[in-house]
Amino acid sequence: MTAFKSDFLRVLSERGFIHQISDPAGLDEACAKGPITAYIGFDATAPSLHAGSLIQIMMLHWMQETGHRPIALMGGGTTMIGDPSFKDEARKLLTVEDIDRNLEGIKRVFSKFLDFDGGRALMINNADWLRHLNYVEFLRDVGRHFSVNKMLSYDSVKLRLDREQSLSFLEFNYMILQGYDFVELHRRTGCILQMGGSDQWGNIVNGIDLGHKMERAQFYALTSPLLTTSSGGKMGKTASGAIWLEPDMLSPYDYWQYWRNTEDADVGRFFKLYTKLPMDEIARLAALGGAEINEAKKILATEVTALVHGRTAADQAAETARKTFEEGALAATLPTVEIPTAELSAGLGVLAAFVRAGLAASNGEARRAVQGGAVKVNDVPVADERLTLTAADLVDGVIKLSQGKKKHVLLKPVNLGPIPDGGDWE
RNA sequence: GGGGGAAUGUCCCGAGCGGCAAAGGGGGCGGACUGUAAAUCCGCUGGCUAAGCCUUCGUAGGUUCGAGUCCUACUUCCCCCA
C-alpha cells in the first residue's frame, strides 16, 4: 500500500479497512485538500444491524474523526427491492411497514458512533426520493445511462446466473437505484464518495459511472474487506446466528462473549477494525502469545462492547464473565429468564425449563443435550432427563441452567407477572 | 406459442429399484484435549404425553395393502426452438 497524504485514508489503511479504492491518488488528493462528504447505505432487512455492519459504521466514525462529513444512508427505498448482490436466491419482500419499523431500530445505533450535531454527520433516508419516482421519467433520465450488457457482467449477479436461479427484473433494478442514490446525494450534499463492503463494489462503481454521465462529476468508491470468520459469512439465518447490535435482540453479556471467543489469529485485526485503541497499544496486545492472549481478548471484548452498549454495560459483562468463568461463582447479572412462581412450585421438568430459558428449541433438543452430557443445573450435571425442578433448587432466589461450558441462564421465579402468554421468546 | 429438464429433511449442498424418518457432505451444537482459542478425535443435528404415536420430499388430486419414488393437473425455475 502506498502512503496516503490524507489522515482519513491513512487511518483506514493502517487499520485494515481498505479493500479497494477506485482512484486512490485522486481520492487522497481530495481528502487532503479539505473536508469531503461520503456515505454508506444500510439496508433495513432486520430490526437491528449486526456485527457485520460494524466495519461500515467504524469507517463513518473515522471519517468524522479525521475531519470529514459522513452520511448514514437509510435504505428505506432500496430495501423495498432487495439487493441481489451475491445472493443465491431472491429475498422475501418486506412490507413498507416492516421496513419503516426496522429503520427505527437501526437508526438508534448510529448516535453512539457519530456526532450529528450541527450537521457534522447526516442521516438521510433514500425513501425520500425513491418512493416517489415517476417510472417513465426515471427511465428516460437515468435508465438510459445503464447498459444491460454491462450489468450482466458483474460478479455480484454471476452467482445467480450460474446457478440458473432466476434474477427478477425487480432485483435487477437494485443497482440502478443505488447508483441513482449516489447522484441524488451529490446534488443534495456534495457527496463524492461511497463506501461499503467489498460485495458492494459493482453497485458503487455503477454509481460512479452514472455520476460522470449525469453530473459530469468525479465520484469515488472505497470498499472494506468482508468479515470472514466462522459466523461472519452467513449471519442472520438461524435463530442463534447473528450478532445483533440492539440489546433487546442480543444481551450485552452475550455480545461480550462473542468477542471474548475471538480466534487468536483475529485478535490484532479485530482490535484495529472494531475499537478506537491507538495503534501502538494494539500492537502490544496483539503480540501477546499463548495463554496471555486471553487478557487481550478480554480487553477486546470490553472495548467493542463499550462502543455499542456503553462502558457500564461492558464492564458489567466483563465482571459477570469473570465471576462465572474464573471463580465459578454465580453472577446475578447473567441473562435471566423469569417464570411464574406457581410454575416452579408445581414442579418444572428440566427439559421444559431449558426450553423456557431459550437454551433449547424443543424438549427433544433438550433431551439430546442431557444425553450428550451438556446440561447442568446449579453447576451439577444432569443425567436424568425426568428430573423435576422445584423451589428447593433455588439458590439465592434463582436456578442456574447451563448448556455446555459457555451458555448460562438464570431462571428466576416471580410473582404474578403481567401476562403469562407463554410466547416469551428472545 | 412449441419441446425438454428441475423442485428432497424449512440453514445449505445433495443421493434416493414402490416398504423411508429418508445415504453422504458442509454448517451448527455438544463431549474429549486446551487457554471460554485454533487444529484433531468422538457424539447429536423432524415433533410428542417416546420400546409407541404424529408430521415431513414444490401444491392439489389419483393408482396401490403401501408413494419422495408411478399417473394427472397446477405453481415456480432452467434450457432449447419459434
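In the text below, chain A, chain B and the rest are named by the order of the sequence lines, each starting its count at 1. What's counted below: heavy atoms across the whole structure, side chains too, no hydrogens, waters or symmetry copies.
Remark: A:Arg368 is in phosphate contact with B:G47, judged by side-chain N or O atoms under 4.0 Å from OP1 or OP2.
With P as the reference atom, B:A39 and B:G28 are 10 Å apart, rounded to whole Å. Comparing B:A21 with B:U10, their C1' atoms sit 16 Å apart, to the nearest whole Å. With C1' as the reference atom, B:A67 and B:G52 are 24 Å apart, rounded to whole Å. Atom name P, nucleotides B:C42 and B:G26: the rounded distance is 12 Å, in whole Å. A distance of about 11 Å separates the C1' atoms of B:A22 and B:G46, rounded to the whole Å. Separating the C1' atom of B:G27 from that of B:C17 is a span of 32 Å, rounded to the nearest Å. The gap from the C1' atom of B:U45 to that of B:G24 amounts to 14 Å, rounded to the nearest Å. Nucleotides B:U64 and B:C71 have their P atoms positioned 16 Å apart, rounded to a whole Å.
Applying the ring pair (Phe, Tyr, Trp, His ring centres under 6.0 Å) test to pairs two or more places apart or on separate chains, those with a residue in residues 283-334 of chain A are A:Tyr255-A:His309, A:Phe325-A:His408. Counting only residues at least two apart or in different chains, ring pair (Phe, Tyr, Trp, His ring centres under 6.0 Å) contacts with residues 344-399 of chain A are absent.
Whole-Å rounding puts the A:Gln371 CD to B:G43 C1' distance at 11 Å. The separation between A:Asn363 atom CG and B:C44 atom P is 20 Å, rounded to whole Å. The interatomic distance linking A:Asp254 (CG) with B:C29 (P) rounds to 13 Å, in whole Å. Protein atom CD of A:Gln403 is 14 Å distant from nucleotide atom P of B:U45, rounded to whole Å. The CG-C1' distance, from A:Leu351 to B:C44, rounds to 15 Å in whole Å. As a whole-Å value, the separation of A:Leu359 CG from B:G30 P is 10 Å.
Across all strands shown, B:U59 is found opposite B:A73 as a Watson-Crick or G-U wobble partner, with both distances under 3.5 Å. Partner assigned to B:A21 is none, using Watson-Crick or G-U wobble distances below 3.5 angstrom. Across all strands shown, B:A39 forms no Watson-Crick or G-U wobble pair with both key distances under 3.5 Å. Under the Watson-Crick and G-U wobble criteria, each requiring two contacts below 3.5 Å, nucleotide B:C44 is paired to B:G28.
Considering only heavy atoms from C-beta on, A:Tyr220 stays 4.5 Å or farther from A:Ile21 through its side chain. Contact of the A:Lys323 side chain with the A:Thr333 side chain is not registered, since no non-hydrogen atoms from C-beta on lie closer than 4.5 Å.
Taking both residues in full, the closest heavy atoms of A:Val350 and A:Arg386 are given as CG2-C, 4.5 Å, listed atom of the first, atom of the second, then distance. In this structure, A:Ala296 and A:Leu288 approach most closely via the heavy-atom pair CB-CD1, 4.1 Å.
In this structure, a donor-acceptor pair under 3.5 Å is absent between the side chains of A:Gln200 and A:Gln194.
For A:Lys150, the NZ atom sits in a loose shell: 12 or fewer heavy atoms of surrounding residues, nucleotides or ligands are nearer than 6.0 Å.
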Nucleotides 32-40 of chain B: protein proximity per nucleotide (B base, S sugar-phosphate only, - neither; heavy atom, under 4.0 Å): S-BBBBS--
